[in-house]
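Just so you know, ligand 1 is whichever comes first in the structure, and atom 1 is the first atom listed for that ligand.
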Amino acid sequence: MSIQLRFDATGVDWDEAAAIFEKAPLGTRHPKTLEQAFTRSSLVCFAWDGEILVAIGHALSDGILHSVIYDLCMLPEYQRQGLGSRMLEAILTRLNTPNCVLWSVPGKENFYARHDFRPMLTAMARFENPAKSAVQGYIKP
Ligand SMILES: CC(C)(COP(=O)(O)OP(=O)(O)OC[C@H]1O[C@@H](n2cnc3c(N)ncnc32)[C@H](O)[C@@H]1OP(=O)(O)O)[C@@H](O)C(=O)NCCC(=O)NCCS
């Protein structure tokens, strides 16, 4: 696969990034919000097919113990070809923390399980809209 991974946001059009987020589908993010969230993150990862941005992801880390991966997603036509695995492993290698957490989209747990993530038994979340998050399958009603 000739897709290149880059770990800086140089050249990223945030309208395109937001379109990837929506088409993946992972929901809707305003391009400016996405830009702010990514540029304030400890680590960003972008996949480029030539000049075309095809996948995004970012992470927060304390650099010592803990990291959290967010928003790994790609255009549908690039899914199920190994790109997500490549990005996830590249992100984990660069984070290099002994502990890393994320919350999977419901139904994608097996993808993360293949990369040694295990279901958490005591994870707790305080979301902006708990009712919506419950409908989406992230938390108990
Ligand atoms: C979830 C996501 C990031 C995974 O990335 P991906 O590139 O599709 O992942 P991979 O191709 O590495 O692996 C996905 C599956 O395709 C399979 N696969 C990989 N290469 C393959 C190939 N050449 N042919 C057929 N299947 C293949 C893998 O075995 C894997 O199966 P699994 O899901 O049962 O584990 C991506 O599908 C995506 O963006 N989905 C929509 C947004 C989303 O849900 N993001 C997750 C946020 S938590």
Side-chain angles (χ1 to χ4, degrees), residues 1-63 65-141:
M1 184 184 292
S2 64
I3 292 172
Q4 191 188 7
L5 301 190
R6 291 189 209 147
F7 301 89
D8 66 80
T10 306
V12 170
D13 178 325
W14 294 99
D15 289 329
E16 284 175 21
I20 292 170
F21 197 88
E22 193 153 336
K23 287 178 188 168
L26 212 49
T28 304
R29 288 264 197 281
H30 191 281
K32 193 71 196 168
T33 308
L34 208 56
E35 177 179 6
Q36 288 173 332
F38 272 66
T39 53
R40 292 177 191 204
S41 293
S42 321
L43 182 80
V44 293
C45 181
F46 300 96
W48 294 86
D49 187 356
E51 298 300 307
I52 304 167
L53 181 65
V54 299
I56 63 175
H58 66 129
L60 305 183
S61 174
D62 63 17
L65 287 174
H66 300 290
S67 55
V68 194
I69 296 174
Y70 294 105
D71 300 336
L72 180 62
C73 62
M74 67 197 61
L75 293 172
E77 57 269 36
Y78 287 85
Q79 293 176 16
R80 298 192 68 82
Q81 298 165 47
L83 177 59
S85 295
R86 200 175 139 208
M87 290 177 75
L88 183 59
E89 290 300 334
I91 290 168
L92 289 167
T93 298
R94 278 166 179 76
L95 288 171
N96 195 28
T97 54
N99 308 298
C100 180
V101 301
L102 55 82
W103 68 81
S104 172
V105 164
K108 299 287 185 204
E109 295 90 338
N110 282 346
F111 168 72
Y112 292 106
R114 285 187 211 281
H115 294 275
D116 297 329
F117 284 82
R118 298 288 175 260
M120 293 176 69
L121 302 181
T122 60
M124 304 289 288
R126 193 172 117 155
F127 287 133
E128 181 182 26
N129 187 336
K132 183 178 171 194
S133 296
V135 169
Q136 291 174 327
Y138 289 110
I139 57 174
K140 292 177 183 172

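Within the listing of ligand 1, atoms 7 (O) sit less than 4.0 angstrom from a heavy atom of Leu83. Near Arg114, meaning under 4.0 Å from one of its heavy atoms, ligand 1 places the atoms 31 (O), 32 (P), 34 (O), 35 (O). Close contacts between ligand 1 and Ser104 involve ligand atoms 48 (S) [criterion: under 4.0 Å to a heavy atom]. Under a 4.0 Å criterion applied to the non-hydrogen atoms of Cys73, ligand 1 contributes the atoms 39 (O), 42 (C).
The closest donor-acceptor contact from the side chain of Asn99 to the backbone of His66 lies at 3.5 Å or more, if one exists at all. The main-chain N or O of Ala134 is never found under 3.5 Å from a side-chain atom of Gln136 such that the two would form a donor-acceptor pair. A donor-acceptor pair under 3.5 Å is formed between the side chain of Gln79 and the backbone N or O of Ala24.
Protein heavy atom closest to atom 12 (O) of ligand 1, with residue, atom name and distance, is Ser85 OG, 2.5 Å. In this structure, the protein non-hydrogen atom closest to atom 7 (O) of ligand 1 is Gly84 N, 2.6 Å. Of the protein's heavy atoms, Phe111 CE1, 3.3 Å lies nearest to atom 9 (O) of ligand 1. Nearest to atom 19 (C) of ligand 1 among the protein's heavy atoms is Gly82 N, 3.7 Å. Closest to atom 27 (C) of ligand 1 among all protein heavy atoms lies Arg80 O, 3.3 Å. The protein heavy atom nearest to atom 43 (C) of ligand 1 is Leu26 CD1, 3.6 Å. Atom 39 (O) of ligand 1 has its closest protein heavy atom at Met74 N, 3.0 Å.
Of all the heavy atoms of Tyr112, the ones lying under 4.0 Å from any atom of ligand 1 belong exclusively to the side chain. By the criterion of a heavy-atom distance under 4.0 Å, the backbone of Gln81, and not its side chain, is placed next to ligand 1. Only the side chain of Lys108 comes within contact range of ligand 1, with a heavy atom under 4.0 Å; no backbone atom does. Contacts between Ala24 and ligand 1 below 4.0 angstrom, taking non-hydrogen atoms only, involve backbone and side chain alike. Using a 4.0 Å cut-off between heavy atoms, Val105 contacts ligand 1 through both its backbone and its side chain.
Polar contact with ligand 1: absent for Trp103 (N/O pair, distance under 3.5 Å). Close N/O approach between Leu72 and ligand 1 is found [any backbone or side-chain N/O within under 3.5 Å].
To the nearest 0.5 Å, atom CG of residue Leu95 and atom CG of residue Leu60 are 9.5 Å apart. How far SG of Cys73 is from CE of Met87: 8.0 Å, rounded to the nearest 0.5 Å. To the nearest 0.5 Å, the span separating CZ on Arg94 from CG on Leu5 amounts to 7.5 Å.
Between Leu92 and Cys100, the shortest heavy-atom contact is CD2-SG, 3.7 Å.
The option from Gln79, Lys23, His115 that lies nearest to atom 40 (N) of ligand 1, judged by heavy atoms, is Gln79.
Tested against Phe38, the residues Val12, Leu43, Thr33, Asp71 include a single side chain to side chain contact (heavy atoms under 4.5 Å, CB included) partner, Asp71.
Ser42 and Ser61 form no side-chain donor-acceptor contact under 3.5 Å, judged by distance and modelled atom types alone.
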Quiz prompt | side chain to side chain contact (heavy atoms under 4.5 Å, CB included) evaluation trace for Tyr78 with Ile20 | solution = CA-CA 11 Å; Tyr78 287 85; Ile20 292 170; over 6 Å; no

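Residues Ile3 and Gln81 have side chains not in contact (no heavy-atom distance under 4.5 Å, counting atoms from C-beta outward). Within the 4.5 Å cutoff, no side-chain heavy atoms of Ile139 are placed close to those of Trp103.
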